[in-house]
Amino acid sequence: MVRFAVVVFPGTNCDFETERAIRKAGAEAERVWYKANLRDFDGVVLPGGFSYADYLRAGVIAARQEIMEEVKEFAREGRPVLGICNGFQVLTEAGLLPGALRPNRVPRFLCRWVHLRVEDAETPFTALYEPGEVVRMPIAHAEGNYYLDDPSKVRIVFQYSDGNGNVTEEANPNGSVLNIAAIANERGNVLGTMPHPERASDRFLGSEDGLRLFRSMVKWARG
């Protein structure tokens, strides 16, 4: 049985939901305090929340904690590393993913459901999706405006779209360049997503579209 660490920093608040989603996807999961080590795990998930209260800049303090050196080693070894919302911010601040998450175009906290178009179904996290498929997941962020000087160089995984899969300005909730909602590193084993798949992992929550992300991750980790 593969095991995933759900890393908890001060201010993390999506760890229980993420742990539950991973277990529902068929793997073992354990919430791990950021001062622990990751030696007994096969993959790492950095969940959402407000690590260190987003002091200075979202994700910047968490990105400089010692445990992130182990996360970087996981990435170098090709093991799965997933960052959700604040976890995505941590991954960019740590240099594991390119670009930055800036304050939303309209400077306010956004919490609502969005449609996403699957742009890359060949990553370890999206193998159970179809290219061009439209899925629903919720967002909950104040700094989700993804920016990169040259977005043509980034591996786009999900884009904000309307319900028909049209990537339009109106469907962009936060001003992200090219409507980017999730990206991966070139190798594909590191994924950052602003939408919350763990909050779309049960039909009673309104969608199970996010569960396939965890099932894809677990299937790939099993090799």
Side-chain angles (χ1 to χ4, degrees), residues 2-19 21-22 27-103 123-125 140-148 153-155 157-158 176 180-198 213-214 217-218 220-221:
V2 295
R3 300 181 70 224
F4 286 86
V6 179
V7 179
V8 180
F9 296 102
T12 296
N13 65 14
C14 298
D15 43 317
F16 286 99
E17 301 99 310
T18 303
E19 179 186 40
I22 295 170
E28 293 183 3
E30 181 180 335
R31 294 164 54 251
V32 177
W33 187 238
Y34 75 106
K35 291 185 179 291
N37 65 70
L38 304 175
R39 70 169 64 96
D40 296 325
F41 295 94
D42 302 293
V44 179
V45 180
L46 307 179
F50 304 92
S51 61
Y52 298 92
D54 285 348
Y55 188 67
L56 298 180
R57 193 169 61 244
V60 67
I61 299 178
R64 284 153 178 78
Q65 301 307 307
E66 186 174 346
I67 197 170
M68 290 304 297
E69 294 305 314
E70 291 189 77
V71 176
K72 291 177 182 178
E73 184 63 26
F74 268 61
R76 285 192 291 268
E77 293 173 354
R79 288 188 277 179
V81 175
L82 171 63
I84 304 169
C85 198
N86 189 236
F88 187 3
Q89 294 161 342
V90 174
L91 291 177
T92 59
E93 291 287 350
L96 283 165
L97 288 174
L101 281 308
R102 306 188 300 183
T123 77
F125 306 91
H141 58 249
E143 297 181 39
N145 180 355
Y146 181 77
Y147 179 78
L148 186 67
K153 295 182 179 179
V154 73
R155 186 169 181 178
V157 178
F158 294 135
S176 291
I180 289 173
I183 64 169
N185 64 344
E186 184 176 352
R187 194 172 182 179
N189 67 302
V190 179
L191 179 77
T193 173
M194 287 311 295
H196 286 261
E198 81 283 3
L213 188 150
F214 293 107
M217 179 180 75
V218 170
W220 184 76

Does Arg57 come within less than 4.0 Å of Glu93, counting only side-chain N to carboxylate O?
-> yes
Does a salt bridge link Arg3 with Asp42, judged by any charged N lying under 4.0 Å from a carboxylate O?
-> no
Closest approach of Pro80 to Trp220 (non-hydrogen atoms, all atoms of both residues) | CD-CZ3, 3.4 Å
Assess whether side-chain contact (heavy atoms from CB on, under 4.5 Å) is satisfied between His141 and Asn86, documenting all intermediate values.
-> CA-CA 8 Å; His141 58 249; Asn86 189 236; over 6 Å; no
Derivation and outcome, side-chain contact (heavy atoms from CB on, under 4.5 Å), residues Val32 and Phe41 | CA-CA 10 Å; Val32 177; Phe41 295 94; 3.6 Å; yes
Yes or no on side-chain contact (heavy atoms from CB on, under 4.5 Å) for Thr12 and Phe50, after CA distance, side-chain angles and deciding distance?
-> CA-CA 6 Å; Thr12 296; Phe50 304 92; over 6 Å; no
Do [X] and [Y] come within less than 4.5 Å of each other through their side chains, counting heavy atoms only?
X: Phe4; Y: Thr18; result: no
X: Thr123; Y: Arg155; result: yes
X: Val7; Y: Val45; result: no

Hits for salt bridge (Lys or Arg N to Asp or Glu O under 4.0 Å) against Lys35, two or more places apart or cross-chain, chain-then-number order -> none
Partner set under salt bridge (Lys or Arg N to Asp or Glu O under 4.0 Å) for Glu77, not counting sequence neighbours | Arg79
Only one of Leu46, Asn13, Asp15 passes side-chain contact (heavy atoms from CB on, under 4.5 Å) with Val8, and that residue is Asp15
Among Asn185, Leu97, Leu213, find the residue that satisfies the side-chain contact (heavy atoms from CB on, under 4.5 Å) test when tested with Leu191.
-> Leu213
Over 60° means perpendicular and under 30° means parallel, so classify the ring planes of Tyr52 and Tyr34, tilted if in between.
-> perpendicular
Tyr146 six-ring face occupied by Arg102 cation (under 6.0 Å, within 45°) = no
Go through Val44 and Glu70 one step at a time and tell me if the side-chain contact (heavy atoms from CB on, under 4.5 Å) criterion holds.
-> CA-CA 10 Å; Val44 179; Glu70 291 189 77; over 6 Å; no
